[in-house]
Amino acid sequence: MRHPLRGLLSVLMPPLLLLLLVLAVWHTLTVALEIESFLLPAPLDVVRAGWGDAALFLKAGFRTGAAAVGGFLASLIVGCVAACLFAQSVWIRRSCYPYAIFLQTVPIVAIAPLIVVWCGYGMQSVILVSFIVSLFPIITSATTGLLSVDPDLLDLFRLYDARRLTVLWKLRLPSAVPYIVSGARTSSGLAVIGAIVGEFFTGYGSSSYGLGYLIMQSSTLLKTDRLFAAVFVSTLLGLAVFGAVSSIGTAILRHWYGTE
Amino acid sequence: MRHPLRGLLSVLMPPLLLLLLVLAVWHTLTVALEIESFLLPAPLDVVRAGWGDAALFLKAGFRTGAAAVGGFLASLIVGCVAACLFAQSVWIRRSCYPYAIFLQTVPIVAIAPLIVVWCGYGMQSVILVSFIVSLFPIITSATTGLLSVDPDLLDLFRLYDARRLTVLWKLRLPSAVPYIVSGARTSSGLAVIGAIVGEFFTGYGSSSYGLGYLIMQSSTLLKTDRLFAAVFVSTLLGLAVFGAVSSIGTAILRHWYGTE
Amino acid sequence: GTGNEPAGPSADAEGNAPIKVRLALNWYPEAEHGGYYAALVNGYYADEGLDVEIIPGGPNSPVIQRVARGDVEFGIENADRVLVGRAQGADIVTVMAPIQTNPQCLMVHAESGIESFEELKDLTLMMSSGAPWAIYLQKQLPLEGCEIVPNPGSVAQFLANKETAQQGYVFSEPYVVREKGGEARPLMIADLGYNPYTSVLIVSSKQIEQNAEVVQKMVRASVRGWKAYLESPEETNRYIHEQNPEMSVDILAFGADQVRPLCITAEVPLDRLGTMTADRWQTMADQLIEVDAIEAGQVTPSEAFTLEFLDPVAEPSTGEASTGTDP
Amino acid sequence: MSPTSEPTADEPQHRSPDVDHTNLTSAPELTAADLGLTFEGGHRAIEEVGFRIAPGEFVSIVGPSGCGKSTLLRLVAGLLTPTAGTLDVGATSRDEHRPAFVFQDPRLLPWRSVTGNVRLPLELLGQTSAETAATIASALELVGLTGEDATKSPRMLSGGMRMRVSLARALVTEPTLFLLDEPFGALDDIIRQRLNEDLVAIWQQRRPTTLFVTHNVSEAVFLSQRVLVMTPGPGRIAAEFAVPFEFPRRPGLRAETRFAELTGEVSATLREVSA
Amino acid sequence: MSPTSEPTADEPQHRSPDVDHTNLTSAPELTAADLGLTFEGGHRAIEEVGFRIAPGEFVSIVGPSGCGKSTLLRLVAGLLTPTAGTLDVGATSRDEHRPAFVFQDPRLLPWRSVTGNVRLPLELLGQTSAETAATIASALELVGLTGEDATKSPRMLSGGMRMRVSLARALVTEPTLFLLDEPFGALDDIIRQRLNEDLVAIWQQRRPTTLFVTHNVSEAVFLSQRVLVMTPGPGRIAAEFAVPFEFPRRPGLRAETRFAELTGEVSATLREVSA
Ligand SMILES: Nc1ncnc2c1ncn2[C@@H]1O[C@H](COP(=O)(O)OP(=O)(O)OP(=O)(O)O)[C@@H](O)[C@H]1O
Ligand SMILES: Nc1ncnc2c1ncn2[C@@H]1O[C@H](COP(=O)(O)OP(=O)(O)OP(=O)(O)O)[C@@H](O)[C@H]1O
Ligand SMILES: [Mg+2]
Ligand SMILES: [Mg+2]
């Protein structure tokens, strides 16, 4: 009934149209309001800056992306495990939430020296920062999910004196999937910004750099066009991770729950 | 049956016990491993640094806290409104999510000049940064919630040809409350770190300062004990906002859904 | 009110109301801004009929952007960034340069025995590797076996690991290192030949066109302030400490000591404080082109500064020291 | 009529002569021809269903579990779109003959009290609270819920009470098209029989076109003018029975022989098609 | 027995002499005295309930909607804790006489197929899939679900099918204590009567102590050895009736006069207490 190419087109059209609109407004802004290019570069300049150094941006994007994906996966696993612990009792929750919150509210600049001393400079530290930054949403949404179980189903498990672990594995975790998916969506973006911030403080030198370095450098040199090109790549990165997480999440939800 | 004071005590005991344990381990670490105090100060030093300047930390905490609360509330409102738009159609979602992700993945350092130039230094810019940082979790969890509606209930509304707005207001939004609460929990911590980072880049200069200034300068001048005291205050701040959001959320959930 | 308040603005000799101007700093208030604060504290600005508000900065303060847009009238920046800003279209002009020798340094541990850049070998260098001076340094030196990593913003790493070198400002980081029981030897970047003026006063060219008189007053008072600061910084330091309480009076005193020889050099004695030369601006531009910070032909170094507001008596007769157009 | 004869849309209407026509609102006529529905997964739920239901007629549908009764009702309500055949619900706009639907599972909004849930359709139709309070109270009374129950949240209700709330929610709009999917499944006999009688009374008064799905053959016969029997899935209409008893139907009817005979006949057919 | 006489725990058991004792597993005895439950909000659901149910006895409970039948079953299952009186379910450990419970709402795990849902209790009791496959298949067959249905997800089931899955889930563990909360509420008469007969057969074979809540008086009489009638909330036991018919009970029983008489008597009492 539907041509596959037309399907793809209809998927891509609206965002592209909006993109064009946004670019037009942005362009008009820079021209009409005479916004100086050192503040907000014209879209064309950004494209030119990005295109001119495409290979470099791509490489940097890949490096940062790899760290972000690593940090995200670590958060997903550790976050779910932590949430399982948190769901066990209100005491554990009360006792441990402060430490989870600490991880979320601590500025990376404050703990960067510790991280570097213990993990050294390089990818592993960038992943660690990305992990720290993206952990909390998973913990909190998974915990909420694990606790929002249908009480009737819980009764069913109680009837058979199911052990906590069994309830967790066979009831709470599957029920929490929609919440975990929602948390993972949030985390995916945070993992990317976490990797970039990680590169600011613990990242690579200048010979092999990620987006964090490009952003820092362009900002120092006031090369706003380059800066925005790098930010654009990081957004693309965020979109890619988010898109992947969303698609997987949607597939799981559709398969398991028949909901969108 | 239960003495109220005993109740309070039983609420506070476990976290306090764990805190003591953590402090003991931390202390032992700094002593046994001979970790230099400029890397990881002993807990006692941190307490001393904080206590000695309690008034100052309190004032800074309040300033940052006010900005964080402002940013959080703005996110809550704007995030819910955006999610309502996102829930209207898959096209809007596809078209607008990239921009939401942009806000999450853009390093504040990259847009700080724009913010400062347009909003000036001070509280309003700090609130703006806190808002930008804490917006995404609300959008994504509220959107998930608005879309995870019981299809049978949706049928009920379809029967009466309820307008989109009515479905949104009377069905989707109430159904999404548990998701919004979960998103708000995540946001609360992000709003605090957002305010701190905001103060790094768009803050009040230094005469009337928040935690961001304290953290930045203690870090530069390697006053690690003060740095950790400031981080501790920011964690307390995060806890306070998180606690408030959680309690309100739990109350709403208990009232509406009878679940925890 | 601790008695350290700057002399309040008062009506000038002709009885005109004081002119409000804002001065944006590029960092938290420190010794590198000492002269401007001295002008405020000692009432030199007020003497000129100016009501100056000094706006402290911090990391990544957009000083050039704000000055260029006219959000603030004056700003403090470093000379290389002025050129970078001009290359990006910011029409700003430097009107005085108090610190002749750039305070940027690379600290090594004293016990390492390293005394010069050429000896840097097998070290971890912590520096903002994207900054022009850092690129210049990398181009100039072999840096055998050196690993360059981001500057973490604190000297903790440096203290923890003897095999490191770290960037710093000569009047700040070495003090912190000493305070924590280390001993750092600063290697001045200026000695490599990369030596942009520091803490220069910038304005937009529009400001010069429209309010030359105000600029003149500002420069005059600032020069006075710097001279005063170099002589007796104590009272000013106390005021800076109030503005930036995390900076102790001691470290500010150390800073003032360090900044003095950077301002008063063999070429520039105290009475010519604030002056600049076209040669150095040209060199700076060439170096920036060399490190790819700007492109050739993007800036005309002679347009980036003017000496017209500096005391013409003290100037060697190079430029046409016109008094500028009346507003 | 032989139970194996296929009903067609052209068959004559069975209308009892003793029905009260005074209060007759114009109710829709329902016509289906060759109606079929295949779910997305490929499961054929109903197939080649044809019927014609006169305005104001009360028709019951019985059939084995899973044969497609709920699916048929959802099609009529416009909640599903036919994948084959045609369906005419006799309305030019949805507003004209808006169906009231009692779902098989009594889904209530968990964040609203009983009253709030019953008020919902009125709100959706744009009526203000002031004018609705009395309507709601009388609907709740009709289904046997007390004032105390009215303030309870759905989680505090028993299964039967939830079903009654859902019934009250449908009754409150005074519909001209009434679709009931086993509304009395979870109710005890006392309340069930009382509601049967009330339902007949309501129907007589307002004469909505009514489709009533039930598992209880004697209930189907007691209530309706016609009974449709469906085959196991994919459901078709296997037989239809006219119910020639006069209205209003009194409880005594159940004890009469002609009632037992017809009920037995329908049951036998049902058993036959189920086998 | 007069319908108004209060039952006591000391009353003699009614056991038919023709029950098959060969396969008798030891089933628990249930004793309640002065049992009461008040919900946290202050709502008294049941009050002063006393009974004694012999090991292997089949007892039905009827009563008006909202009278506390489900609550009583949940108390017996240990899902609620009595706020007054005592309840002895004749087991020293929960493992000993683990109740199988058919909930009034057929709650299934939405992420498991029909088979997966039925397998759940076996998994929870630690049995491996290999040995359970046959058990599950036969339980599904018993409730009339096909192999095709077995792979469906709960969302694709009709209301009656969901109820049957929930029944199969309870049957699969071969329990000694059987608690059924209107398991046949959403089923058509055909399947309902077949399941009635199957239930009697299962009970006869394994003799679990059985508490059966229903709205259908004739079903209660057909199935059980004793029928308890409860008052409207707060529920008490208003009357009890011994059912003296022999086992196995054949469909023909429903047509007999003594059946109609007893059913009539119970219905009358029910109507009386409900009024
Ligand atoms: N969680 C609860 N909190 C407060 N009241 C409750 C709760 N659950 C049930 N009730 C009340 O307890 C009473 C008995 O409920 P129960 O579910 O036992 O009734 P029932 O006899 O099973 O009714 P039905 O036949 O309609 O299922 C009802 O009035 C109900 O409103
Ligand atoms: N969403 C769906 N996707 C696929 N199959 C479905 C779906 N909903 C229902 N079915 C199937 O369609 C058939 C008819 O379902 P329906 O709910 O109409 O039965 P019913 O006659 O109402 O049964 P009951 O009396 O048990 O309620 C069933 O076999 C069911 O499995
Ligand atoms: Mg159905
Ligand atoms: Mg019940």
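Only the backbone of D/Ser267 has a heavy atom closer than 4.5 Å to any heavy atom of chain E. Looking at E/Lys152, the atoms closer than 4.5 Å to chain D (heavy atoms on both sides) all sit in the side chain, from C-beta outward.
The side-chain heavy atoms of D/Arg258 and D/Leu253, taken from C-beta on, include a pair separated by under 4.5 Å.
When each of D/Pro64, D/Gly63, D/Ser70 is scored by its heavy-atom pairs under 4.5 Å with chain E, the top score falls to D/Pro64.
Applying the 6.0 Å contact sphere to CD of D/Glu141 captures no more than 12 heavy atoms from other residues, nucleotides or ligands.
In this structure, D/Arg249 contributes its side chain and D/Phe245 its backbone to a donor-acceptor pair below 3.5 Å.
Between E/Arg164 and E/Asp149 no salt bridge is recorded (no basic side-chain N to carboxylate O distance below 4.0 Å).
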